[in-house]
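Reminder, nothing fancy here: chain letters follow the sequence lines and each chain counts from 1. Values reported hereafter were calculated over all heavy atoms of this structure, with side chains retained and with hydrogens, waters and symmetry mates removed. From a predicted model like this one, the values you see are computed outputs, not experimental measurements.
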There are 2 protein chains.
Amino acid sequence: MEFNTVAITPWEAEAFVDYDRLIKIFGAKPLTDSEIDLLKSIVKESHTMIRRRVFYSHRDFDKFLEAYKSGKKCTLYTGRGPSGNTHLGHILPWIFAKWLQDKLGLDLFFQMTDDEKFWHSEGGEFEYFNSLAYENILDLAALGLDYRKTHIIINSEDIRYLYPIAIKIAKKITFSIQRATFGFTESTNIGMIFYPTLQMAVAFLPSELFGEPVEVLIPAGIDQDPYWRITRDIATSLGYPKPSQIHNKLLPGLGIGGKMSSSKPETAIYTTDSPELAYSKVMRAYTGGQATAELQRKLGGNPDICPVYKMFEMLFEEDDEKLIERYYACRGGNLLCGECKNALGERVAKFLKEHQNRRTKAVNYIERYLIRDKFTPPIIKRIEITPK
Amino acid sequence: MEFNTVAITPWEAEAFVDYDRLIKIFGAKPLTDSEIDLLKSIVKESHTMIRRRVFYSHRDFDKFLEAYKSGKKCTLYTGRGPSGNTHLGHILPWIFAKWLQDKLGLDLFFQMTDDEKFWHSEGGEFEYFNSLAYENILDLAALGLDYRKTHIIINSEDIRYLYPIAIKIAKKITFSIQRATFGFTESTNIGMIFYPTLQMAVAFLPSELFGEPVEVLIPAGIDQDPYWRITRDIATSLGYPKPSQIHNKLLPGLGIGGKMSSSKPETAIYTTDSPELAYSKVMRAYTGGQATAELQRKLGGNPDICPVYKMFEMLFEEDDEKLIERYYACRGGNLLCGECKNALGERVAKFLKEHQNRRTKAVNYIERYLIRDKFTPPIIKRIEITPK
């Protein structure tokens, strides 16, 4: 899907797009005070990513919360395509998912799409992407996700949880639907063509595992929305509830435009970067500042296009007042980019140091997160065959 | 693939095609005395289906036999798409596979493609096709296949044996390859598009399970050849031996032209037909005879286009001399169709009675055949990830 020459598919997404127009194109709804108040009425507190509309758009988030309130079985679902080490753009929705999980006490199903990333890659052995999945789990563990309620599906190894559901999904989707939704062509490999059935299948898996219709909320980047549109289209005909979504904006990279991306490692901060390296990446970041300190003092900077400011807004400044202070100090020319980057760099370095300590410890208990040790795969009901 | 307006794809195949020309189009080799003598030198006897060229074409059958002679690990592979009850056309290659298994002492991997048959069907719940797979296993058991050496993969339930291999296969195949090989279109569902990877994966599975390169021979209908051409094309690049094939002609139905097919149940004999019903189907068969007994005596019949004669030749007459006798008695006008059909009908009824007795007993030991209780699925090797 093209948006103002900015591509938004799950494999090509930019940051700093016109998110409001994107909602209209995708047919989702903006997150309004009504949903925010409903959430607050349940969890009794707010989250910066909601207040600041980092999560800014949704489908049926209100219905999901109402279902939760009425005591219906609810779960969360998100995931990761393990194409490299985890960077801050990846963990943004995980942090929010963890918060929701903690506040609502929900099971979270987490999909690791090692198959998809292999199929989408230019090169590299499959085993590399599978191994990356295990690396990436360390970051979930380091963020403190509760392993008793977090169930990770690694597609290549846990396919038996998904395949019986994917079989039914696949029958409802033709190549021309895939072409229209994902931009596939004649030269797309048949792994990529089939893959969406597996991402969709997880939305229906909780209903199979718990043996009742389960409401599923998917917190994930807006770039994943094409999957959920098809999923919602076919859910009812397969006897499952339509999954709800809450979409986050994509964390910008530290360069000029574009989301934080593994394809531009110098502008991405990985959870495995040393604190020193991360600090120096921040210090080299593109900003919304003026060419010289003098001009900056005179004209002020532009935080609205500044990835350094966005990092504070989306991840590294909990305090709303301090964020606003920073915004106007920049606008008014009272805050220079060097100072601002130094402050961010220090926070990032501190976060990484602590995260990496937890990550190292997590090596010993990765297995606790895997679905395969916790749930029996869906069982196919046998029916009586009468000879014809 | 079109052949003289007679379609030959795995889903649309006719009998009575020009098999010699088909070999050329497919690029396989005719089975010659050289391969037959090689087989005989190993097993010390012959099989009617080989002598009579029911199995009539191959790829590397000679190399497979040489590998066997030299002590290399070898296995067999065939399968079934459970779209209905089993008919005689299905069990033809199974009978030969059992003979090979017994004579060569080989493991046989047997795939039940319940997913494919659901994807290909006009209607019907998925569970129906899955349940049919279990029904069809009863026929394998009734034919006496050795459960210690016969390992059945039901795709929907045993997908974890295939998926890690299918992932690598799928990356090498584009939609346009599928279009050219299988005649898929924009409106083909993405299950069908992905499916071939799973049929191919079984050809590589023995190498994974036994941890060494395993030579695989696939006895199956010539209509399955498109799968094996692609499989052979990509085998080496994935590090597996190219599987060998030996192709059988398709058993004709009892009507005018066409293979025995579940789409024409009145001209197909199912293993679940009562002996009486089967007898009456045979008595109503189309034949190569003349319009009247008088004309038949005068002009003789044509066994070459006669499904009743073909049934004797392909399945129900062990004795070569008696078969030739029958052929010339028909040609010379000395054998009338009623008499010939009666003889076939009685043999078919007798076979079914015995088969059904064994089939009923088999209900209690189906599980012994399932791969899931016998082999550990392929394990994905983890590799060291260095942070980038």
Side-chain angles (χ1 to χ4, degrees), chain A residues 84-85 114-115 118-119 121 125-128 130-132 134-135 155-160 162-164 166-179 184-197 262 265 270-274 377 379-385 387-388, chain B residues 84-85 114-115 118-119 121 125-128 130-132 134-135 155-160 162-164 166-179 184-197 262 265 270-274 377 379-385 387-388:
Chain A
N85 288 108
D114 56 347
D115 46 1
F118 169 65
W119 285 328
S121 70
E125 285 180 273
F126 167 66
E127 287 76 5
Y128 170 71
N130 175 256
S131 301
L132 273 172
Y134 287 91
E135 276 298 304
N155 279 2
S156 62
E157 294 175 81
D158 300 314
I159 185 67
R160 64 201 169 122
L162 307 181
Y163 195 63
I167 288 174
K168 296 185 185 184
I169 295 172
K171 182 146 185 186
K172 297 196 170 279
I173 301 176
T174 62
F175 178 74
S176 59
I177 295 175
Q178 299 291 71
R179 181 199 283 280
F184 292 157
T185 70
E186 296 267 321
S187 338
T188 303
N189 71 56
I190 59 176
M192 288 300 289
I193 294 170
F194 182 72
Y195 166 72
T197 67
S262 297
Y270 293 95
T271 60
T272 46
D273 283 349
S274 71
I379 288 167
I380 299 166
K381 271 200 310 266
R382 297 263 272 281
I383 61 176
E384 190 76 25
I385 301 292
K388 72 166 161 187
Chain B
N85 288 109
D114 57 346
D115 47 2
F118 169 66
W119 285 328
S121 70
E125 283 181 272
F126 167 67
E127 287 76 6
Y128 169 71
N130 176 256
S131 301
L132 273 172
Y134 286 91
E135 276 296 304
N155 279 3
S156 62
E157 294 175 80
D158 301 314
I159 185 68
R160 62 201 170 123
L162 307 181
Y163 196 63
I167 288 173
K168 297 185 183 183
I169 295 172
K171 181 144 186 188
K172 296 195 170 279
I173 302 176
T174 62
F175 178 73
S176 58
I177 294 175
Q178 299 291 70
R179 182 199 282 279
F184 292 157
T185 70
E186 296 266 320
S187 338
T188 302
N189 71 57
I190 60 176
M192 288 300 290
I193 294 170
F194 182 71
Y195 167 72
T197 66
S262 298
Y270 293 96
T271 60
T272 46
D273 283 348
S274 72
I379 288 166
I380 299 164
K381 271 200 309 265
R382 297 263 273 281
I383 60 178
E384 190 76 26
I385 302 292
K388 71 166 160 187

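Contacts of B:Glu125 classified as side chain to side chain contact (heavy atoms under 4.5 Å, CB included), with partners at least two apart in sequence or in another chain: B:Glu127.
Both the backbone and the side chain of B:Ser156 come within less than 4.5 Å of a heavy atom in chain A. If you measure heavy-atom distances from B:Phe118 to chain A, the contacts under 4.5 Å come from both the backbone and the side chain. In this structure, chain A has no heavy atom under 4.5 Å from any part of B:Thr271.
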> How far apart are the C-alpha atoms of A:Tyr163 and B:Tyr163, what are their side-chain angles, what is the distance that settles it, and do they pass the side-chain contact (heavy atoms from CB on, under 4.5 Å) test?
Replying inline: CA-CA 10 Å; A:Tyr163 195 63; B:Tyr163 196 63; 5.8 Å; no

>> Before you tell me yes or no, could you show the steps for A:Tyr128 and B:Ile385 under side-chain contact (heavy atoms from CB on, under 4.5 Å), namely the whole-Å CA-CA distance, both residues' side-chain angles and the distance that decides it to 0.1 Å?
In response: CA-CA 8 Å; A:Tyr128 170 71; B:Ile385 302 292; 3.7 Å; yes

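Taking each heavy atom of A:Ile383 and B:Ser131 in turn, the nearest pair found is N-OG, 2.7 Å.
Most heavy-atom pairs under 4.5 Å with chain A: of the set B:Arg179, B:Lys172, B:Glu157, this distinction falls to B:Arg179. No other option in B:Asp115, B:Thr188, B:Ile380 has as many heavy-atom pairs under 4.5 Å with chain A as B:Ile380. When B:Pro377, B:Gly191, B:Ala166 are compared by the number of non-hydrogen pairs under 4.5 Å with chain A, B:Gly191 comes out ahead.
Aromatic ring centres of B:Phe175 and A:Phe175: separated by under 6.0 Å.
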